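Notes for the one structure printed next.
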Amino acid sequence: MLIVQISDTHIAGWDKKAYGIAPVAENLSTCVEHINQLIPKPDIVIVTGDITNSGLTEEFQQAASLLNKLAVPYYVIPGNHDDRSNLLSVFSGTACPVNDLNQGQSGKNQSNNSQEFINYVVDDFDVRLIAMDSTIINEPGGEICGKRAAWLDECLGENREKPTLLFMHHPPVKLGVIESNIDGFIGSERLGTIIEKYSNIERILCGHVHLPTFVRWCGTIVSTAPSMGMRLSLDLTMEQPSKFHLESPTYQIHHWTADNNLISHTVTINEIDQAYLFEEH
Ligand SMILES: [Fe+2]
Ligand SMILES: [Fe+2]
């Protein structure tokens, strides 16, 4: 199974660049075209939050117009730059199946906490996917409150065997950069206590920090995906203010192999994209 992860697209509206500089819509369009040409074809695409730059409906509409060109199903969750109700007004149905509430579709997409949080389960593939809403309204940091933790515990308890991936915007562990250490994550210990109970969680896939990172945490691995061309300028001194660099559109492919391993590749779409044979050089 192939899962493509796009994160932090920060779409800023028609004909607008994020922060006036980053050509995010153009980058996302390039990225979608690249994904559509992948062989083998991916099974699904997940978009791990900060879909928009300001949470506006027109930004979500532009993001949807680009993401709808994907040739495979995609799923979205909110980030701190997004707005839950505006997101739900644009992405409904398959892209964000929170509306399939307790409709007897057990084992498929489900949620038990209405639209208060954008949480759902996708159970149609070899790997089970659990989408978690880690956002706090008008705050940059993340949170898993008691209600979200209880929902997650119940979902995980339904199937302790099937390989499972969680995806949420905020990494629950400090990654040594401002966006993680300063923004914070309320309820990290609460979440960790639940994660430790289940040995079938292959990975927690996150975004938010605009950098590809991997870290062991509570018996699983937390990874973060790069953004859509706005790379966090790496500064381990964590001096304010934080800065970003422009980079080529970048995404990740998570390959669940026949050997039951989850192997992650970071794909950068370079302008010079020619392949050379090792034996000829
Ligand atoms: Fe972001
Ligand atoms: Fe974020």
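Owing to the predicted nature of the structure, the values given are computational and were not obtained by experimental measurement. Just so you know, these numbers use all the heavy atoms, side chains as well, and skip hydrogens, waters and symmetry mates. Order of listing sets the numbers, starting from 1, for every ligand and every atom in it.
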message = Under the salt bridge (charged side-chain N to carboxylate O under 4.0 Å, His left out) definition, can you give me all pairs with a residue in residues 41-54, not counting sequence neighbours?
response = none
query = For the Fe ion (ligand 2), what is the closest N, O or S atom on H169?
reply = NE2
query = Which pairs, with at least one residue in residues 196-215 and sequence neighbours excluded, count as a salt bridge (charged side-chain N to carboxylate O under 4.0 Å, His left out)?
reply = D153-K197
ask   = For the Fe ion (ligand 1), how many protein N, O or S atoms come closer than 2.8 Å?
value = 4
inquiry  = Any carboxylate oxygen within less than 4.0 angstrom of a Lys/Arg side-chain nitrogen, looking at K16 and E59?
reply    = no
Side-chain ion pair, R84 and E116, N-O less than 4.0 Å = no
inquiry  = Quick test of your reading of the model: are R128 and E158 salt-bridged, counting only N-O distances below 4.0 Å?
reply    = yes
task = For residues 237-257, pull every pair meeting salt bridge (charged side-chain N to carboxylate O under 4.0 Å, His left out), keeping only residues two or more places apart or in separate chains.
result = R231-E247
